[in-house]
Amino acid sequence: MLSGTTMLMAQSADSTATAATATTAADAKTIMWMGAGYYVLLFLLLCVVIAIVGKILKVYDLTQQIQGKKELNWNNLMAIICLVFLLAGIYGAYWEFTVQGTQSLPEAASLHGVKIDEMFTVTTVITMIVFFITQILLFTFLFRYKHSSKRRAHYLPHNNTIEKVWTIIPAIVLTILVVFGFFTWQEITNTTEVKGDLNIEITGHQFAWELRYPGKDNKLGTINYQLVTGNNNLGIDYSDRNSFDDLRADTLVLPVNQSIRLNIRSQDVIHSCYMPHFRVQMNAVPGLPTFFKFTPTITTEDMRNRLNQPDFEYMLYCNKICGGAHYNMKKVIRVVSVLEYQQWIAQQKPYLTDALKKDLKLAGTTNQQKNTPQNRLALNN
Ligand SMILES: [Cu+2]
């Protein structure tokens with residue numbers, strides 16, 4: 001259960017690149033529903049088989065009674081079924097780890113991601129130990145102490161020692177896990193140091209992400225939602241000189257081993273910026289800019305070699321169900337060397353297009369005049 005989301009995201013990330021070529025979206029949907037229907041039918045068939053076997057045993061039992069022979073011992077039968085259930089359950093858990101476990105996310109591609117994975121492993125190991133001990137004890141006791149007419153059950157109305165043991169031990173273990181998580185999260189997020197960070201802005205809206213990179217000054221200009229127009233879709237405030245060289249990008253390209261400060265915004269509803277391979281997730285909240293600092297450590301090329309998947313891509317998703325085309329909110333992330341990054345950034349186009357320059361110069365004759373008096377000043381300077 002704990003790794004459910006990560007497995008799903010890993011699967012969807014792996015399949016994203018090949019899905020388009022392998023099959024159409026409609027075909028994929030049909031296959032998916034055929035698959036679900038198949039398993040529902042299989043489950044119903046299993047229920048029918050169990051019901052038939054139960055009826056056969058009941059008929060056998062009645063026949064034995066009519067013939068005056070020894071009746072079927074239902075308690076023994078139930079006890080054996082409990083043991084079978086235990087063995088099937090243990091095999092199921094083993095299967096989950098060995099088969100589905102291989103579909104989980106690859107190693108963390110960021111510095112802090114390694115710590116999150118460690119925390120995940122510790123939690124999984126502890127819960128698995130408790131799971132196996134409790135399930136084995138539960139079903140073994142059901143088998144060992146099945147009903148017998150020769151034995152009377154011992155009635156234990158209250159026992160302080162047992163109460164203390166099963167209250168204090170889980171409380172200590174859970175406290176350790178929570179404190180461990182608290183300090184890890186604090187270490188990841190408790191950083192306001194801006195010097196040396198590469199500032200990148202990502203803005204979510206229904207249903208896409210917009211990327212803004214700083215120009216040579218490494219500073220992003222300010223944003224004012226009142227300035228949003230057709231040509232200035234982010235509402236960049238050009239009265240701030242830092243805005244002039246800001247760049248537009250389609251792919252989130254990150255230089256490896258460089259501290260990234262991803263500034264996250266939303267223009268309409270709550271979105272969530274989710275980069276599973278980097279163990280990064282932060283909500284994009286309208287009116288409340290958030291950020292996440294992280295350092296990518298493995299280039300896309302390196303990860304492709306490690307996974308032996310030549311078409312592997314890091315992906316960015318929206319992880320809030322934000323509307324009808326929510327699934328469309330994804331972007332490719334490419335982690336490259338510093339040199340490759342410099343070459344790439346040199347080719348990106350500025351947000352300040354000719355059309356936008358024209359708009360801003362014409363601001364004096366339009367309704368924007370009231371809202372953007374400083375824009376004209378900035379451009380006239
Ligand atoms: Cu969204």
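We count ligands from 1, going down the list as the structure has it; atoms in each ligand are counted the same way.
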Query raised in the report: Name of the H271 N, O or S atom nearest the Cu ion (ligand 1)?
Result: ND1
Query raised in the report: Side-chain donor-acceptor pair under 3.5 Å between E118 and T121, yes or no?
Result: no
Query raised in the report: How long is the gap from CG on N263 to CG on N199, to the nearest 0.5 Å?
Result: 5.0 Å
Requested in this report: In plain terms, say whether D245 and K216 are close enough for a salt bridge, that is, a side-chain N and a carboxylate O under 4.0 Å apart.
Outcome: no
**Report entry** R261 charged N/C atom sitting above F291 aromatic ring, 6.0 Å / 45°
**Finding:** yes
**Report entry** Metal proximity, C318 vs the Cu ion (ligand 1), N/O/S cut-off 2.8 Å
**Finding:** yes
**Report entry** Contact check: N319 to the Cu ion (ligand 1), N/O/S below 2.8 Å
**Finding:** no
